[in-house]
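Remarks on the structure that follows.
Indexing begins at 1, ligand by ligand and atom by atom, following the structure's order. For reference, positions follow the sequence shown, starting with 1.
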Amino acid sequence: MSTSESARPVAHYTPARNWMNDPNGLVFHNGRYHLFYQHNPLGSDHRNMSWGHASSPDLVSWDEHPVAIMFDEHEQIYSGSIVADTDNTSGFGDGVRTPLVAVYTSEHGIQTQCLAYSLDDGLTWTKHAGNPVLDRGSAHFRDPKVFRHGAGWVMVAVEAQERRVLLHRSDDLKNWTYLSSYGSAGPVGGVWECPDLFPLVLDGAPDDIRWVLLISLATGGVAGGSGTHYVTGAFDGVRFTPDRDLPEVPADDPRLADLDWVDGGRDCYAGVTFNGLDDSDRTFIAWMSNWDYARSVPTEPWRGAMTVARRLELVTADGRPQLRSTPVLSAGAIVESRTETIAAGKAVASDLPVAARIDLRARLDADGELIVWIAAGDPNEHVTVTCSAGAVSVDRTAATAGDFHPAFASVETVRTPGDGARVDVSIVLDEGSIEVFAAGGLRSITDLAFLGAGQRRMTVEAVGSRVVVDELVVRDLAAPS
Ligand code: FRU
């Protein structure tokens, strides 16, 4: 099976045509959110890496623009970030317009950090004549995330194979000085990629600022294959000091579940946060795929989608700071709203729009389960979300077209902190994907999952216990509220 235009996601960004992977250069500038991304302008495989470009007024509806930074015979344009250089520290400005400066990895046998700048809000780009600006003679030094810190700029990037995050600083984005490194520690079952480092207040207390270091692993993630780990700590402008020292944990080791992960699903990778927003408005987008099978995903004429944008906060749970993510979505017209008690062994069914947000709050006994079945057309092809005391899981083993790659069929389970007998989940369903936010957003599971054409149906089933549904609200994300 290959999906067609009719199966294009509604509430997720996809390029009109061709391959897409990591989000790059996320920046809010002059009232618009800009999303650049790894893109092959010529085909639907991972080659000819260039930066595609889209922008949005609200993180929900996106306009695609011409390719921003194009590969050429000298280099591919690998992942990186963008800053608005409002003080013209780089000298790329013309005295009137603010330069946007892209810091990207040039892949040409070795990997070096290079600059390009734009004086028209990101539409057209000029490569810096003095490239590269940072060269360690390494073939695996990549994915610079640059942010303003005090009077200077800080860059976090990875030595991917050594599994090390390197910090550098600069006054002008052109001359970089080494500061320190973090790692190898925590998950080490794959190369490290696409780091990010940012402050968040803990539990909403303005004077308790913690730093969050995101590290994506191409393989060796908690759900198998690609995944994004995080560690909280302190950053003094030179060094990142983790709150806890982590053991090195290889792929498939059960101790991976004791580490912190941005998402417990299979398809939330290389995610980073926006520059240009207040620290209290920390906003994240990831590539919704997994290197295990990304090259085979059966969609056309595009291949690759982004997750919905998520606002990140830091809250104490299970005695340590943990990320909480909340999806940024259109309000969406309410198409169903009910409260109901479902007897053990019974189920209630309803129709669903293709792009839906389902908010479900319920209570069940300690040994009970609440299963949400979602199907379209053939009821034998379905995705399920199972909530039990202390855990939530997504099962896509019976989804449509799940045999496009042997590594695709999967079940992911995450433990949920808090009161196990209470279910609090939001499900974002679209063509080709499901994102589950559980325990008020302390856990999420993001999975590609295809369902056939035909009316979508949801069945909420009570297993082993009666389920008291305090709130079941379904919104149509394609319809205005
Ligand atoms: C992550 C990644 C990055 C690299 C880019 C190449 O998915 O492998 O490390 O810059 O993709 O497209």
Side-chain angles (χ1 to χ4, degrees), residues 15 18-26 35-53 67-72 75-82 102-116 132 134-136 138-146 155-166 183 187 189-196 214-221 223-229 262-263 266-273 284-297 302-307 446 448:
N18 296 330
W19 170 274
M20 175 174 77
N21 58 296
D22 315 353
N24 297 149
L26 301 179
L35 161 65
F36 298 80
Y37 48 87
Q38 289 287 281
H39 185 48
N40 176 359
L42 305 182
S44 51
D45 49 356
H46 182 246
R47 297 155 60 107
N48 311 320
M49 281 300 104
S50 303
W51 279 24
H53 182 199
V67 172
I69 312 178
M70 188 70 101
F71 79 101
D72 61 23
E75 62 176 356
Q76 296 192 71
I77 316 299
Y78 270 19
S79 287
S81 53
I82 287 177
V103 189
Y104 67 88
T105 297
S106 169
E107 156 60 47
H108 52 282
I110 64 165
Q111 297 184 341
T112 60
Q113 313 323 315
C114 291
L115 306 181
L134 188 51
D135 178 0
R136 292 172 53 88
S138 164
H140 307 281
F141 174 43
R142 60 177 178 270
D143 306 341
K145 172 71 191 273
V146 173
M155 175 199 293
V156 273
V158 286
E159 286 280 15
Q161 298 204 316
E162 283 86 357
R163 300 173 186 89
R164 243 193 340 245
V165 173
L166 270 52
V191 294
W192 284 13
E193 301 184 315
C194 299
D196 197 357
L214 304 187
I215 299 166
S216 282
L217 283 94
T219 59
S226 311
T228 302
H229 159 66
V262 171
D263 190 277
R266 295 272 280 153
D267 297 297
C268 182
Y269 190 62
V272 286
T273 65
F284 168 94
I285 293 178
W287 175 41
M288 196 158 53
S289 197
N290 189 312
W291 280 117
D292 272 1
Y293 44 73
R295 294 172 173 87
S296 312
V297 169
W302 76 94
R303 181 176 283 143
M306 293 298 171
T307 64
T446 299
L448 295 180

Heavy-atom distances under 4.0 Å are what count here, so tell me which part of H46 touches ligand 1: side chain, backbone, both or neither.
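The answer is the side chain of H46.
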
Just heavy atoms, cut-off under 4.0 Å: does N21 contact ligand 1 by side chain, backbone, both, or neither?
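Within the 4.0 Å criterion, N21 contacts ligand 1 through side-chain atoms alone.
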
Near [X], which atoms of ligand 1 are under 4.0 Å from a heavy atom of that residue?
X    : value
D143 : 3 (C), 4 (C), 9 (O), 10 (O)
W291 : 1 (C), 7 (O)
S79  : 5 (C), 10 (O)
Q38  : 5 (C), 6 (C), 12 (O)
Y78  : 4 (C), 6 (C), 10 (O)
M49  : 12 (O)

Any heavy atom of Q76 sitting closer than 4.0 Å to ligand 1?
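No, Q76 has no heavy atom closer than 4.0 Å to ligand 1.
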
To the nearest 0.1 Å, how far is atom 8 (O) of ligand 1 from its closest protein heavy atom, and which atom is that?
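Atom 8 (O) of ligand 1 sits closest to the protein heavy atom E193 OE2, 2.8 Å.
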
Check whether any side-chain heavy atom of I215 lies under 4.5 Å from a side-chain heavy atom of T228, and answer yes or no.
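I215 does not reach T228 side chain to side chain.
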
For residues F284 and C268, determine if any side-chain heavy atom of one lies less than 4.5 Å from a side-chain heavy atom of the other.
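Side chain of F284 against side chain of C268, heavy atoms only: contact under 4.5 Å found.
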
Among M306, H46, R303, find the residue that satisfies the side-chain contact (heavy atoms from CB on, under 4.5 Å) test when tested with N21.
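Running side-chain contact (heavy atoms from CB on, under 4.5 Å) over M306, H46, R303 with N21 returns exactly one hit, H46.
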
Distance under 6.0 Å and angle within 45° of the ring axis: does R142 meet both against Y78?
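Pair R142/Y78 does not count as cation-pi.
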
Check: S50 side chain, N48 main-chain N or O, donor-acceptor pair, under 3.5 Å:
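Yes.
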
Donor-acceptor pair, distance only, cut-off 3.5 Å: does the side chain of N290 make one with the backbone of S226?
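Yes, because the side chain of N290 sits within donor-acceptor range (under 3.5 Å) of the backbone of S226.
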
Taking the six-membered ring for Trp, are F36 and W51 parallel (under 30°), tilted (30 to 60°) or perpendicular (over 60°)?
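The rings of F36 and W51 sit tilted, inter-plane angle from 30° to 60°.
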
Nearest option to atom 1 (C) of ligand 1, as decided by whichever heavy atom of D22, N40, N24 sits closest:
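It is D22 whose heavy atom sits nearest to atom 1 (C) of ligand 1.
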
Which residues pass the ring-ring contact (aromatic ring centres under 6.0 Å, His included) test with Y37, sequence neighbours left out?
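If we apply the ring-ring contact (aromatic ring centres under 6.0 Å, His included) test to Y37, skipping adjacent residues, the hits are Y13, H39.
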
